[in-house]
Amino acid sequence: MMSSLLRLNQVEAFIQKFHILHDISFEVPKGEVTVLLGRNGAGKTTTLRTIMGLNKVSKGSINFQGEEIGNLLTHRIANKGIGFVPEEQGIFGELTVGENMRVAMKKEDEQTTKRMEWVLDLFPDLKKFWKKPGGALSGGQKQMLAIARAYVNENELLLIDEPSKGLAPIIVDKVTESIQQMKEQTTILLVEQNFLMASKIGKKFYIIDDGRTVHSGQMDELKEDKVLMKKYLGIS
Amino acid sequence: MDLISTLVINGLATGMLIFLLAAGLTLIFGLMSVLNFAHGGLFIWGAYTGVWSYQLSGSFIIGIIVAIVTGLLLGLITEKLIIRPVYGNHIQQILITLGFMLVLQEFIKVVFGPNQIAVSPPAFLQGSFYVGDVIFIKYRLFIIILGLLVYFVSMFILKRTRIGLIVRAGVMNKEMVQSLGINIRLVFMLVFMVGAALAALSGMLHAPYSGVIYAEMGLEFSILAFIVVVIGGMGSFSGSLFAAILVGIAQAFMAYYVPALSLAVNMLLMTVVLIFRPQGLFKAKG
């Protein structure tokens, strides 16, 4: 059995006065892709933001590599080795692609340069539009930049929020392929509405509904469980 | 033609002084969304401590250095004690920074006395020279050159260095910057300190320009800086330079041709910009 890199235990969180997360518990095994599934508004994005410290944990614990990170500031959490690709991508629109990457790079050593070269080979468009402002990129290119920015540092875990959102099917295939390549080197926690994409990449899944983890299992099993898919994901 | 050139040079010098004050203000607002009405207080403290050390040591350069150090220290104190507790609340920011502005202003009178202090430029910057028919006053030229130098050095840092990129990225998306492992609070503090140092430098440079310093000049001058920030676009460094030059030149011409309207023209400029381009001349919509 693989060891858990990240473990959430009965996490609760508020956004302003609204109680969004009621009871979130799950584990992310090292070296795998774990997928959080659920309908819109179930609390998946809030879960990722809470792990990153962008929302405060009001109850429960978040443990990363054996250390409690639930009360740390966001930059400290990131520096523990967690990369974040937010739902809205978080591209710095007035900075060029190269500048976006430079802001993200914690070091400029040989290792980081190699990762940069690898990721640019994976997304040649980024190399092509290196001097173009981030805001002028297409939706797919922005997503590639957001993923590349999170990947360029040697992170132990990547949190990726809905990478297929708003993208054309051909671009979704490209993003899927790139995440598949990344999972060979990094553990990934993926939030995804596109079940087809999630099922191609993920191994283990958790379903979140109304701020609670209500189901978990192996992705292969979920594909066969039509009742569960209809009940929580609206897929028939 | 020589009159117009002279007025333009006067306007440029005034514009550069306003720019130095507004540059800090626009960065602080752009990055931290903080409305700092105490900025004028940093301006007068820079002027007084700078002039005090200039007159004590006889060295204008020492005066400038002391003013900058005063700005940095006051910036640190202001950010930690005054601004930090009210992040995200504009009403509280306005009230507390206006209050602190008055405290800084009155404290000047306690430390340096209530009377005006006369200041002259250092010997090497006194006098003027002609190029053709145009008269160049050395001290004004010095302010213009120093202002441009500050602008270009700041732009180099903002555009070419990683810390500059982080500041610009922070203006656009603070959460994302934090998510990339950067301590945005530390960046906030540094930017605030640099902004305060620029305000203090502006105060020190303004002293020999106007020939006299007094405690109330901070509030008067900071109104011009706020006008410039609104015209240029909040958060835009280049916008502040452009608007400061515009305001400086408009004021110089009006002061010569219609003196009674020299302050009103700036208000008019701001009103026109707010009507037709509320986000400011240099800031992208939204």
Side-chain angles (χ1 to χ4, degrees), chain A residues 16 45 48-55 72-108 112 131 133-136 142 145-146 148-161, chain B residues 26-27 29-33 79-80 84-85 87-89 154-191 232-240 242 279-286:
Chain A
Q16 291 162 355
T45 293
L48 291 197
R49 287 176 57 82
T50 306
I51 295 168
M52 280 312 294
L54 295 166
N55 291 327
L72 294 183
L73 295 172
T74 299
H75 72 277
R76 291 198 188 279
I77 294 170
N79 287 331
K80 296 277 176 200
I82 303 181
F84 182 43
V85 182
E87 188 180 4
E88 75 289 359
Q89 300 153 342
I91 300 302
F92 307 121
E94 288 173 27
L95 301 192
T96 64
V97 170
E99 288 170 338
N100 266 275
M101 293 300 289
R102 200 169 164 211
V103 170
M105 286 165 73
K106 291 174 192 163
K107 297 178 196 164
E108 294 193 16
T112 313
K131 291 190 173 172
K142 279 182 186 163
L145 177 56
R149 222 172 37 178
Y151 182 81
V152 75
N153 297 302
E154 206 175 349
N155 286 316
E156 290 290 327
L157 173 67
L158 290 188
L159 311 180
I160 307 180
D161 196 356
Chain B
T26 200
L27 271 183
F29 184 84
L31 180 61
M32 302 152 80
S33 191
E79 198 277 335
K80 278 200 169 233
R84 202 169 281 188
Y87 273 133
N89 189 326
S154 304
M155 285 310 282
F156 177 80
I157 292 170
L158 283 170
K159 296 259 184 194
R160 301 274 174 227
T161 66
R162 185 165 184 263
I163 183 71
L165 292 178
I166 288 170
V167 171
R168 288 168 63 208
V171 171
M172 290 171 237
N173 191 336
K174 294 176 198 59
E175 279 194 352
M176 196 61 232
V177 170
Q178 293 175 81
S179 301
L180 291 171
I182 295 155
N183 184 351
I184 197 83
R185 274 200 184 170
L186 184 66
V187 177
F188 279 2
M189 201 175 73
L190 290 174
V191 168
M234 290 198 176
S236 169
F237 209 72
S238 297
S240 283
F242 179 80
Q279 75 273 27
L281 295 177
F282 276 60
K283 195 161 183 191
K285 214 168 189 174

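Residue numbers start from 1 in every chain, and the chains themselves are labelled A, B, ... in the order their sequence lines are given, proteins ahead of strands. Just so you know, these numbers use all the heavy atoms, side chains as well, and skip hydrogens, waters and symmetry mates.
Between the B:Arg168 side chain and the A:Phe92 main chain, no donor and acceptor come within less than 3.5 Å of each other.
In this structure the side chain of A:Met52 never reaches within 4.5 angstrom of the side chain of B:Glu175, judged on heavy atoms. Side-chain contact check for A:His75 versus B:Arg185: every heavy-atom pair is 4.5 Å or farther apart. Looking at heavy atoms from C-beta onward, B:Met172 lies in side-chain contact with A:Leu95 at the 4.5 angstrom threshold.
The heavy-atom pair separating B:Lys159 from A:Glu99 by the smallest distance is O-OE2, 3.7 Å. Taking both residues in full, the closest heavy atoms of B:Gly181 and A:Asn79 are given as O-ND2, 3.0 Å, listed atom of the first, atom of the second, then distance. Across all non-hydrogen atoms, the minimal contact from B:Ser179 to A:Ala78 is O-CB, 3.3 Å. Between B:Arg160 and A:Arg102, the closest heavy-atom pair is O-NH1, 2.9 Å.
Heavy-atom distances place no part of A:Arg76 under 4.5 Å from chain B, backbone and side chain included.
Annotation: the span from A:Met105 atom CE to B:Leu180 atom CG amounts to 12.5 Å, rounded to 0.5 Å. Remark: A:Thr96 OG1 to B:Leu165 CG distance equals 7.5 Å, nearest 0.5 Å. The CD1 atom of B:Ile184 sits 10.5 Å away from atom OG1 of A:Thr74, with the distance rounded to the nearest 0.5 Å. A:Asn100 contributes atom CG, which lies 9.0 Å from atom CE of B:Met176 (distance to the nearest 0.5 angstrom).
With respect to chain A, the highest number of heavy-atom pairs below 4.5 Å among B:Ile166, B:Val171, B:Ile182 belongs to B:Ile182. Ranked by non-hydrogen atom pairs under 4.5 Å with chain B, the options A:Gly83, A:Gly134, A:Ala150, A:Ala104 are led by A:Ala104. Of the listed residues (A:Gln89, A:Arg149, A:Glu88), the one with the most heavy-atom contacts under 4.5 Å to chain B is A:Arg149.
Heavy-atom neighbours of B:Phe29 CZ from other residues, nucleotides or ligands within 6.0 Å: above the threshold of 12.
With sequence neighbours left out, A:Lys80 forms a side-chain hydrogen bond (donor to acceptor under 3.5 Å, both in side chains) with A:Glu67.
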